[in-house]
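I have placed the structure first, in the form of structure tokens, so that the comments after it can refer back to it.
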Amino acid sequence: MDMPEHGDPEAARRTDRNRRMVQDWQNGASITQIAQKYGLSLNWTGALLRQNGADLPTIGRGIKRDLDSEEVVDSYLDGATVREIADAHEVSYGKIYRLLQQHRVPMRPRGGRQTR
């Protein structure tokens, strides 16, 4: 684990946070739950957990999630936003966006409904 420099309160805070993150992981929290709890990205959360001794799967840069492509596409075509789908599946916005692009789904304009 990270060792704080003597007298550096910020380093001590990070070390304590990292220790609590590893404990959360060992107690069964998902990487998504831990990232949300500490206000970190999934990528950075995974990196910190690995650096501090947590035994995480080593699949790419994060945790591999198998998504039902047909369900994701249908949800989007039924009016769900990319953000809503990403949150429902606990994956990044980018993962859903790339999946939709790969399936050549026509994308709606960003920013919600435009009223004029």
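Side chains are part of it too, since the values below use all heavy atoms of this structure and drop only hydrogens, waters and symmetry mates.
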Separation of S30 OG from Q36 CD (nearest 0.5 Å): 7.5 Å

Less than 4.0 Å between a side-chain N and a carboxylate O, is that true for R19 and D16? yes

On a heavy-atom basis, the closest approach of A80 and R108 is O-NH2, 2.6 Å

What I want to find out is whether R20 reaches D24 closely enough, with some N-O distance under 4.0 Å, to be called a salt bridge. no

For the CG atom of D87 and the OG1 atom of T81, what is their distance to the nearest 0.5 Å? 7.5 Å

With the side chain counted from C-beta on, respond yes when R17 and L48 share a heavy-atom pair under 4.5 Å apart, and no when they do not. yes

Would you please name every residue forming a side chain to side chain contact (heavy atoms under 4.5 Å, CB included) with D78, sequence neighbours left out? none

Note, N52 side chain near M21 side chain (heavy atom, < 4.5 Å): no

Do W25 and I34 have side-chain heavy atoms sitting under 4.5 Å apart? yes

Is there side-chain contact between T32 and T45, with at least one heavy-atom pair below 4.5 Å? no

Got more than 12 heavy atoms from elsewhere within 6.0 Å of CD, E70? no

Passes side chain to side chain contact (heavy atoms under 4.5 Å, CB included), V72 versus H103? Steps please. CA-CA 10 Å; V72 170; H103 286 82; over 6 Å; no

